[in-house]
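These notes concern the structure reproduced below.
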Number of protein chains: 2
Amino acid sequence: MMANMARAATTSDVFNAIAEPQRREILVLLRAGERSVTELSREMGVSQPGASKHLRVLREVGLVRDRKAGKQRLYELDARGLRAVHEWTGGFERFWNESFDRLDAYVQDLKQARQEE
Amino acid sequence: MMANMARAATTSDVFNAIAEPQRREILVLLRAGERSVTELSREMGVSQPGASKHLRVLREVGLVRDRKAGKQRLYELDARGLRAVHEWTGGFERFWNESFDRLDAYVQDLKQARQEE
DNA sequence: CCAACGTATTCCGATATGGGTATATGATGG
DNA sequence: CCATCATATACCCATATCGGAATACGTTGG
């Protein structure tokens, strides 16, 4: 009865889609222009079904578009979905920019070391 | 012989760590300041072990620091690891702008097609 | 020391995941 | 229509994942 959901479906979630290194690699490759599945699988050193499956995920979350070109199917980047991730992480910019960040971490470490002695 | 790795371990990978909605929620909550585990679990409507386990993942990828405070353990944001994600997605900025242009062009085409009906 | 409180870990069950391999589906040229 | 190339899907396996419940561990006050 679907009581225990193991994790959010990788599809329909951009954060999950880009959690996979090979999928990130695909997106990077596609910045240089559209590619066929075979080209991608060769450039990545991955089996064709492997590439196809990752492309399916990327397609379902909307990060790539595909178009038929003869026997081939060309995949093209659609980076709009990455904007949400960029903006979400951007919401933390002031926290990683704080100049006392490193010093603060250092102080915390000292405190902790003391307490654990 | 560990031949089939199901997916990259969620630990040691920031992209994977933030693929989990609850973990993202924790990070957001911690922007307002450090919190104990119980406080977090209550604010999130999650069990205490649930919170603890997500915090462990976040700690292992370095997105939070913890410090003992009496019986409690206070968790604090360490957003530096998010910078990598921000920058990676930032590498696509010109593409999502371009995509908007393309969408815009498409919309223009639609308008035009209508007028020509 | 011990009772209590706060937190972490362990175990379990259901499910998602990724990589193979084999095979199905699709499109093309002739 | 057929042979062929390109891609997608199905199936299997090993493992990761998440949530819940029970329990272990740690700290503190009395």
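Since the structure is predicted, the reported quantities are computational estimates derived from the model, not experimental observations. Below, each value reflects all heavy atoms present in this structure, side chains not excepted, and no hydrogens, waters or symmetry copies. Here is how names work: the chains are called A, B, and so on, in the same order as the sequence lines, proteins then strands, and each is numbered from 1.
Judged by the 6.0 Å distance and 45° axis criteria, Arg31(B) is not positioned over the aromatic ring of Phe95(A).
Salt-bridge check for Glu20(B) with Arg24(B): failed, with every basic side-chain N at 4.0 Å or more from each acidic carboxylate O.
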Could you go through nucleotides 6-9 of chain C and list every protein N or O atom that sits under 3.5 Å from one of its N or O atoms, giving the distance for each pair?
{"residue": "dT7(C)", "atom": "OP1", "partner": "Val37(B)", "partner atom": "N", "Å": "3.4"}
{"residue": "dT7(C)", "atom": "OP1", "partner": "Arg73(B)", "partner atom": "N", "Å": "3.2"}
{"residue": "dT7(C)", "atom": "OP2", "partner": "Thr38(B)", "partner atom": "N", "Å": "2.9"}
{"residue": "dT7(C)", "atom": "OP2", "partner": "Thr38(B)", "partner atom": "OG1", "Å": "2.1"}
{"residue": "dA8(C)", "atom": "OP1", "partner": "Tyr75(B)", "partner atom": "OH", "Å": "2.6"}
{"residue": "dA8(C)", "atom": "OP2", "partner": "Ser52(B)", "partner atom": "OG", "Å": "2.5"}
{"residue": "dA8(C)", "atom": "N7", "partner": "Gln48(B)", "partner atom": "NE2", "Å": "2.7"}
{"residue": "dA8(C)", "atom": "N6", "partner": "Gln48(B)", "partner atom": "OE1", "Å": "3.2"}

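Spacing between atom CZ of Arg35(A) and atom P of dT7(D) amounts to 13 Å, rounded to whole angstrom units. Atom C1' of nucleotide dT17(C) and atom CG of Asn16(A) are separated by 10 Å, given to the nearest angstrom. Arg23(A) places its CZ atom 8 Å from the P atom of dG19(C), with the value rounded to the nearest Å. Across the protein-nucleic acid pair, Glu25(B) atom CD and dG19(D) atom P stand 11 Å apart, rounded to whole Å.
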Open item on the list: Using the rule given for salt bridge (charged side-chain N to carboxylate O under 4.0 Å, His left out), can you reason through Arg65(A) versus Glu34(A), listing the C-alpha separation, both sets of side-chain angles and the distance that settles it, and then say yes or no?
Closed with: CA-CA 9 Å; Arg65(A) 285 188 293 264; Glu34(A) 58 182 6; over 6 Å; no
Task: Arg67(A) and Glu76(A): CA distance, side-chain angles, deciding distance, salt bridge (charged side-chain N to carboxylate O under 4.0 Å, His left out) verdict - done: CA-CA 8 Å; Arg67(A) 110 185 139 78; Glu76(A) 181 189 14; 5.7 Å; no
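Between Lys68(A) and Gln22(A), it is Gln22(A) whose nearest contact on DNA chain C lies nearer the 5' terminus.
Phosphate contact (OP1/OP2 of dG19(D), side-chain N/O of His54(B), threshold under 4.0 Å): present.
Remark: Arg73(A) engages Asp66(A) in a side-chain hydrogen bond (donor to acceptor under 3.5 Å, both in side chains) (not counting sequence neighbours).
Here His86(A) and Trp88(B) keep their ring centres 6.0 angstrom or further from each other.
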